[in-house]
2 protein chains.
Amino acid sequence: MTHTAPHYPIGDLAKRTGTKVQTIRYYESIGLLPEPARTSGNQRIYGQDQLDRLAFIKHARDFGFPLDAIRELLEMTDRPAASCAEADAICRRHLTEVRRRIGRLQALEGELKRMVETCSHGTVADCRVISVLSDHEKCCAEEHEPVETMPYKATA
Amino acid sequence: MTHTAPHYPIGDLAKRTGTKVQTIRYYESIGLLPEPARTSGNQRIYGQDQLDRLAFIKHARDFGFPLDAIRELLEMTDRPAASCAEADAICRRHLTEVRRRIGRLQALEGELKRMVETCSHGTVADCRVISVLSDHEKCCAEEHEPVETMPYKATA
DNA sequence: TCTTGAACCTACAGTCGCTGTAGCTCCCAT
DNA sequence: ATGGGAGCTACAGCGACTGTAGGTTCAAGA
C-alpha cells in the first residue's frame, strides 16, 4: 500500500474535470470509464489514470465529439504505437460536420434576420414572421433543408 | 356533405408537407395538431386547415424553432387581431440563439482545423489530435465552453 | 461518543424530437 | 377473392445526459 498514489472520491473527480457526478456514473454505466475500486462502504475511489481518462473525455466532449468517436479515440490512446490515421480521420470527419452545421446555421441566420427586420410590429394578421412561416412562397430560400434541433432553455 | 372540401388520408398529408407519417401522429399525440376526423374504419382524414397547420409546423421546424415556440406561434395564428410582438420576440430569441451557436461552432472549427493541420500522421504517441485532447495546456482556446451535442450519422 | 449534514449510493423517469418495430386491420385494384 | 400497400396502436430506442426519491456512509464538530 503506497501512500503516494492519489485517490479521489467521485465528487473530487467531478470538480477537477468539470463534469457532474451523475455524468461520471453515466459514463461508467455505458462502459466509457472502467468500474473503479470501492471503499468498504461501497463508495467509488479513483486514481490518477481515471482522472486523466475522464479529463480526456470531458475535453473531447467540449470539442463536440460524440461519445462513439470518443470511445474510438480512447481505444487509440491505449495503443500509443499504432498509427494515428484513424484519429486524424475522426477529427476531419468532425470538422466537416462542424462546417456543415455552420453553413446551415448561417443560411438560417440570414432568413431569420430578414424576417424580424421586415416585421411591422402590428397585428398577427400582418406579421411578417407569421406570414413567412405560413407561406412557403414568401420564404427567401429556394429550398432549405431542416436545421438540427435546438432546444434552448427559457431565458426568463 | 359538401363535395368541394378536400380531405386527405395521413399519407397524403405527409407527402404534401414533407413530414413523416409517424411524425404527424406524434404531433397529434403532443397536442400540436388537433385530433382529426376518422373514417368508419378508424383512419384519420384531414382537411385543408390541418394541412395548413402542419405545413406551418414543418416550415417552422425547418427554421429550427423548437416545438414549444411553434406551439406559441400557432396560438398566435389563432388570434390574428392580437399584437405580433410576441411572435417577434420568439423570432428574435431564436435568432440570438442561432448566432450564439454559430459563434461557438466557429471557435470550434478553428481549433479542430489547427488540430488536424498540425497532425504529423505518425503514431498515436505523437499524434497532435490525441495530445491536444489529453492535455488542456496544448489547447489554443484559453477557455472554451462546451458546444452542443452533434450526433452525426456514420459516413460509411 | 454522538450527532449532524454533506456527500455518496441505486434505480428509474424525464428531456427533445422524433424514428423504428411488432403485430395487427383496412382499403382498393385486379 | 386476394394481395399488397397503407393505415392503426403501443411501445422501445436514440444521444447525452439531468433530476428525483429514498436510502447509506463519512467526516467534522460538540
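Chain A is the first sequence line, chain B the second, and so forth, proteins listed ahead of strands; every chain is numbered from 1. The figures here come from the full heavy-atom set of this structure, side chains too, leaving out hydrogens, waters and symmetry mates.
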[X]: which residues meet the side chain to side chain donor-acceptor pair (under 3.5 Å) condition with it, sequence neighbours left out?
X	value
B:Ser131	none
B:Arg92	B:Asp88
A:Thr23	none
A:Gln48	A:Tyr8, A:Asp52

Sorted by chain and number, sequence neighbours left out, salt bridge (Lys or Arg N to Asp or Glu O under 4.0 Å) with B:Arg16 holds for none
Below 4.0 Å: OP1/OP2 of D:dA16 and any side-chain N or O of A:Tyr27: no
Please determine if a side-chain N or O atom of B:Thr23 lies less than 4.0 Å away from the OP1 or OP2 oxygen of C:dG17. no
Using the side-chain heavy atoms of B:Lys20, tell me which of these nucleotides is nearest: D:dC17, C:dT19, C:dC18. C:dT19
Would you list the atom pairs, donor with acceptor, under 3.5 Å between side chains in residues 67-76 of chain A and any protein atom, with sequence neighbours excluded?
residue: A:Arg71; atom: NH1; partner: A:Ile30; partner atom: O; Å: 3.2
residue: A:Arg71; atom: NH2; partner: A:Ile30; partner atom: O; Å: 3.1

Taking CZ from B:Arg38 and C1' from C:dC26, how many angstroms apart are they, rounded to a whole number? 13 Å
What is the separation between atom CD1 on A:Ile30 and atom P on D:dT18, rounded to the nearest whole Å? 13 Å
Global bending angle along the helix from C:dT1-D:dA30 to C:dT30-D:dA1, which compares the axes of five pairs at either end, to 10 degrees: 20°
Output a table of nitrogen or oxygen pairs between the protein and nucleotides 28-30 of chain C separated by less than 3.5 Å.
none

Determine which pairs satisfy salt bridge (charged side-chain N to carboxylate O under 4.0 Å, His left out) with at least one residue from residues 18-35 of chain B, sequence neighbours left out, and list them in order. B:Glu28-B:Arg44
side-chain contact (heavy atoms from CB on, under 4.5 Å) with B:Thr39: which residues, sequence neighbours excluded? B:Gln43, B:Ile45
Can you give the donor-acceptor pairs under 3.5 Å from side chains of residues 117-124 of chain A to other protein atoms, not counting sequence neighbours?
residue: A:Thr118; atom: OG1; partner: A:Arg114; partner atom: O; Å: 2.7
residue: A:Thr118; atom: OG1; partner: A:Met115; partner atom: O; Å: 3.4
residue: A:Thr118; atom: OG1; partner: A:Arg128; partner atom: NE; Å: 3.3
residue: A:His121; atom: NE2; partner: A:Cys119; partner atom: O; Å: 3.4
residue: A:Thr123; atom: OG1; partner: A:Ala125; partner atom: N; Å: 3.4
residue: A:Thr123; atom: OG1; partner: A:Asp126; partner atom: OD2; Å: 3.2

Every protein N/O lying under 3.5 Å from an N/O of nucleotides 3-8 of chain C:
residue: C:dC8; atom: OP1; partner: A:Gly11; partner atom: N; Å: 2.8

